[in-house]
Amino acid sequence: MSWRHYLFPEEGEPLRISNRLVDDLVFGKDVLPQYAGTKQRVLAASLELDDGKPIRILRTEGSIWAFDENGSIEKGLHDTMALAMDSLPTPPDNGDRVVQFRTHTTRRKLEKEHNADIERVIADIWPKRKTDRLKSAVGTAQRTPPLSFDATNAINEISRTFWTISNAIDRLKEPSQKAFGFEARQRPQRDPQYSGLYRAIADMSDWQLELQRRRRTGKGVWYAVVCVIVWLDGTGDTVERYHERCGSRDEAVTAVRRLLAEHASKFDEITTLEPELLTDMEWEQLGYPD
């Protein structure tokens with residue numbers, strides 16, 4: 001299975017968006033400044049492949065991307081209007097690549113509005129003319145150098161035991177944490193060839209020590225968080241996240257209760273609400289928008 005993404009600007013031709021660019025846009029690593037301050041239609045198509053070639057469309061998903069003043073979508077994703085359009089493809093008998101939709105009353109309007117977009121996507125996937133191929137959108141981020149086989153093996157081998165480092169640091173209580181960080185900064189004097197690694201684990205220890213202090217005292221900035229999770233086939237996807245910045249943990253607890261009450265109507269047989277308390281340190285580490 002493979003995904004293809006397309007952007008349909010109000011003016012100009014549709015553009016194909018590479019999976020790399022989609023990821024970079026979602027995680028705030030790239031921008032499309034030409035769409036700054038606008039909302040644009042986006043269509044994603046899930047494809048079934050045979051020997052690397054698309055043979056049918058399994059599903060389509062439409063959405064609206066809200067670009068901020070810099071052309072980033074990261075902050076606007078939680079406001080994105082999902083336009084779910086499940087498709088039920090039927091293998092063509094006449095050789096044409098035609099996708100037939102299972103029509104639902106609540107989706108008829110959306111399907112009608114996006115029918116032209118879907119037809120354009122079909123033409124790009126199975127072009128009959130050179131002009132059917134769409135151009136690709138280009139971000140502003142610098143292209144990363146290609147990762148060689150040797151480099152991939154090296155970083156995989158090195159990172160394989162990272163979890164043992166973080167687990168060992170996380171298990172330390174505050175007094176031991178202080179001693180660990182101090183010792184890690186002294187070690188390069190005796191073992192200079194690994195000075196960079198010692199500095200890295202010392203920084204990890206300092207971060208964990210401050211987190212432990214914050215959890216113990218409840219002081220500082222905390223975030224009250226309620227996630228709306230939809231469960232399908234045993235897998236949960238966070239579809240909405242509500243949060244509130246608070247001046248202490250006690251304030252965050254009160255805010256979580258209020259958020260749960262405000263969004264309790266979203267709970268049903270496949271949807272759950274999960275509360276969470278995070279320090280601003282954890283919030284920033286997770287990369288959530290403020």
Side-chain angles (χ1 to χ4, degrees), residues 1-27 30-68 71-74 76-140 230 232-233 237 239:
M1 189 179 74
S2 175
W3 282 92
R4 291 192 187 179
H5 303 266
Y6 297 85
L7 186 145
F8 293 85
E10 292 299 324
E11 299 181 1
E13 286 293 308
L15 296 171
R16 183 189 295 186
I17 316 174
S18 69
N19 290 331
R20 178 194 62 80
L21 181 54
V22 170
D23 289 342
D24 287 349
L25 289 169
V26 168
F27 292 105
D30 209 343
V31 296
L32 293 175
Q34 63 270 40
Y35 302 117
T38 68
K39 293 183 179 180
Q40 304 293 341
R41 300 195 316 276
V42 174
L43 190 69
S46 173
L47 307 177
E48 181 179 347
L49 304 180
D50 183 12
D51 196 22
K53 297 180 180 180
I55 58 174
R56 63 172 176 166
I57 296 177
L58 298 174
R59 180 183 181 184
T60 60
E61 293 181 357
S63 61
I64 303 295
W65 280 3
F67 292 86
D68 65 13
S72 170
I73 66 169
E74 185 184 19
L77 281 181
H78 68 283
D79 292 329
T80 296
M81 181 179 65
L83 305 172
M85 297 184 300
D86 295 337
S87 61
L88 183 64
T90 303
D93 296 327
N94 57 1
D96 293 335
R97 303 293 187 174
V98 178
V99 178
Q100 297 180 354
F101 289 94
R102 180 178 67 247
T103 303
H104 298 279
T105 303
T106 58
R107 296 177 182 166
R108 286 174 182 168
K109 182 178 179 181
L110 292 176
E111 290 175 359
K112 182 178 180 180
E113 291 175 351
H114 285 264
N115 187 58
D117 294 350
I118 296 169
E119 291 298 327
R120 192 66 189 85
V121 167
I122 293 172
D124 176 73
I125 297 171
W126 296 287
K128 296 180 179 179
R129 304 180 301 272
K130 288 184 178 181
T131 54
D132 288 340
R133 286 288 191 188
L134 294 175
K135 294 181 179 180
S136 296
V138 180
T140 61
V230 174
L232 296 173
D233 298 326
D237 289 323
V239 295

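Bear in mind that the values here come from a model prediction, so they are computed numbers and not experimental data.
Taking CZ of R120 as the start and CD1 of I118 as the end, the distance is 14.0 Å to the nearest 0.5 Å. Going from atom CZ of R16 over to atom NZ of K135 covers 13.5 Å, rounded to the nearest 0.5 Å. To the nearest 0.5 angstrom, D24 atom CG is 11.0 Å from N19 atom CG. Note: Q40 CD to I64 CD1 = 8.5 Å, rounded to the nearest 0.5 Å.
In plain terms, the two heavy atoms of S2 and L49 that are nearest each other are CB-CD1, 3.7 Å. The nearest pair of heavy atoms linking A36 to G71 is CB-N, 3.7 Å. The minimum heavy-atom distance linking P9 with P14 is given by the pair CD-CA, 4.0 Å.
With a 4.5 Å cut-off on side-chain heavy atoms, I125 and Y6 count as touching. Residues V121 and R4 have side chains not in contact (no heavy-atom distance under 4.5 Å, counting atoms from C-beta outward). For the pair R56/L47, no side-chain contact is recorded, criterion being any heavy-atom separation below 4.5 Å from C-beta on. Between E10 and T38, every side-chain heavy-atom pair lies at or beyond the 4.5 Å cut-off. In this structure, L21 and H5 have side chains that are not in contact, with every pair of non-hydrogen atoms separated by 4.5 Å or more. Using a 4.5 Å cut-off on side-chain heavy atoms (C-beta onward), R133 and D124 make contact.
Under the side chain to side chain contact (heavy atoms under 4.5 Å, CB included) rule, W126 has a single partner from I57, I55, D132, which is I57. Shown are L25, I17, V138, L15; of these, the side chain to side chain contact (heavy atoms under 4.5 Å, CB included) with L32 is made only by L25.
In this structure, R20 does not pair ionically with D23, as no charged nitrogen and carboxylate oxygen lie closer than 4.0 Å.
Y35 meets the ring pair (Phe, Tyr, Trp, His ring centres under 6.0 Å) test with F67; sequence neighbours excluded.
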